[in-house]
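Contents: one structure, followed by commentary.
Heads up: numbering here begins at 1 and tracks the sequence. FYI, side chains are in, hydrogens and waters are out, and symmetry mates aren't considered; it's all heavy atoms of this structure.
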Amino acid sequence: MGVDLKQIVAGILTITMFVMLGQMLHRDYFDSLQEKVQGDVHDIEFQGSKVAVEDGLVRAIEGNNKGPWMEDSHELKPCWSISQSDDVVSSKGYVTFSLTNGPEYHVSQITDAVMVAKHLGATLVLPDIRGSKPGDEMNFEDIYDVDKLIKTLESVVKVVKKLPSHVSFRDIAIVKVPTRVAEDYIKEHIDPIFKSKGNIRVTTYFPSVNLRKSTQGGETDPVSCLAMFGSLELQSGVNDLVESMIQRLKTHSKKSGGRFVAIDLRVEILEKKNCHETGVAGSKTCYNAQEIALFLRKLGFGSDTTIYLTQPRWESSLNILKDIFPKTFTKESIMPSDKKSKYLELENSEYENVIDFYISSRSDVFVPAIPGLFYANTVGKRIALGKPQVLVPAEISGSSGLSTDYISPYISKKNHLAYSCFC
């Protein structure tokens, strides 16, 4: 039987097509998004050092093979000073308040309450903690260190654990104050009410969620600095849990020297309308899992990078992030099993919010996929700890970028409120 040359050629072409298709199916589909050119290696200059760009990823050379990771700076020291010679003036009146909506709000709420009590000469009552749902109430000591708070503030304001029984709730006036309340505002708007009623309950509202330094050039009140950065500390049980989770993340990060990335990415917030609006000059304000994965890859973070997400539970929309970075975790996968019944399986989410905030503050890199107060107050805590690598996502033109180009303006411009309190 004769051999048909056309059949042979057709067979070869068919086999070749199947081989090519198999390669396409097994290739990391994310590579195509990077528009890489295989084998493309070129050098660029950055701050006096050569940086190699290879296959779309940034690789530092000339003795620096740390890629996109930056070293921590030294931990800053408080610039404020509180006079120890002045006796704390305490009237017969009381200031009460609650901590609500998570630790990023707690920082501002404690600061405003302390400022009000200090400038009124009132006694501050230890707050309770309230979640977003009715009935979600906790004691202050369930999360924070009571003795630390009282000791820290003893030179500023007297703190008592409970409101005296002789004080009726009917005798307490509710006063709304803007966050970062100043002494002049307290004297003009709050002091007359306090003198009239004798006791007040302070609730903080947020005209703005940015924490930039004042443009008026005045010095930040040292009492405000002390309250914001020195008063809230986790109680031992919660602190030990956070430490154990951080250590688990570091264990997964052996190839990168124990370093890991924390990303504030919560699907529920990403789905809200205001997250789809654009910011200044049409820039995006929120980034989904795929966009964050592309951002990190273009900055040079390798597939073995360990990532912690603030997302409460795993969602299918996050799968692409785990495909690119297999060592991506939510708190449920790194929390010790014997702690989950207390800290994860309750309706109250305050524990989870606190865990997210403190891990994000301690991570080697923090990436806010969502703008807001969580981002702003996490940056403030990181500044105090000497952890400046906060990378604000953006669409990177081309196949690669330098992480230093995406440092948060709070840090690159040193315009965060924390820079008024630390030096």
_Under a 3.5 Å distance rule, please check whether Glu332 uses its side chain to pair with a backbone N or O of Trp314 as donor and acceptor._
yes
*Return the set of residues passing salt bridge (Lys or Arg N to Asp or Glu O under 4.0 Å) with Lys187 (not counting sequence neighbours), or none when no residue passes.*
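Lys187 satisfies salt bridge (Lys or Arg N to Asp or Glu O under 4.0 Å) with Glu183 only.
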_Geometric cation-pi criterion, Arg248 with Phe329: 6.0 Å, 45°_ =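 Arg248 over Phe329 ring: no.
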*Among side-chain atoms of Ser360 and Arg382, is any donor-acceptor pair under 3.5 angstrom?*
no
*Decide yes or no on salt bridge (Lys or Arg N to Asp or Glu O under 4.0 Å) for Glu141 and Lys161, but give the supporting numbers first.*
CA-CA 10 Å; Glu141 58 267 27; Lys161 295 182 179 181; over 6 Å; no
Beyond-backbone contact of [X] with [Y], side-chain heavy atoms, under 4.5 angstrom:
X      : Y      : result
Trp80  : Ser224 : no
Ile370 : Thr310 : no
Ile396 : Leu299 : yes
Ile411 : Lys387 : no
Leu241 : Pro336 : yes
Ile307 : Leu296 : yes
Leu265 : Tyr287 : no
Tyr105 : Leu99  : no

*Please identify each residue that fulfils side-chain contact (heavy atoms from CB on, under 4.5 Å) with Ser98, with sequence neighbours left out.*
Thr100, Asp128, Arg130, Arg201
*Check the pair Phe295, Tyr406 against ring-ring contact (aromatic ring centres under 6.0 Å, His included), reporting the backbone distance first and the verdict last.*
CA-CA 10 Å; Phe295 174 70; Tyr406 299 92; 5.5 Å; yes
*Stepwise side-chain hydrogen bond (donor to acceptor under 3.5 Å, both in side chains) test for Asp356 and Tyr308*: CA-CA 9 Å; Asp356 290 335; Tyr308 174 81; 2.6 Å; yes
*asked:* Does the plane of the ring in Phe374 sit parallel, tilted or perpendicular to the ring in Phe366? Use 30° and 60° as the thresholds.
replied: tilted
*Please work out which of the three classes, parallel, tilted or perpendicular, describes the rings of Tyr375 and Tyr410, given edges at 30° and 60°.*
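Rings of Tyr410 and Tyr375: tilted, 30 to 60°.
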Using a 6.0 Å cut-off, check whether atom [atom1] of [X] has over 12 heavy atoms from anything other than its own residue.
X      : atom1 : value
Lys339 : NZ    : no
Lys340 : NZ    : yes
Phe169 : CZ    : no

_So, taking the atom named CD1 in Ile324 and the one named NZ in Lys322, what distance separates them when rounded to the nearest 0.5 Å?_
12.5 Å
*Looking at Asp304, Thr305, Thr306, which one forms a side chain to side chain donor-acceptor pair (under 3.5 Å) with Ser253?*
Thr306
*For residues His106 and Phe357, establish whether the separation of their ring centroids is below 6.0 Å.*
no
*Sorted by first residue and then second, give each disulfide bond (SG atoms under 2.5 Å apart) pair with at least one member in residues 392-423; sequence neighbours left out.*
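Residue pairs passing disulfide bond (SG atoms under 2.5 Å apart), neighbours aside: Cys79-Cys423, Cys225-Cys421.
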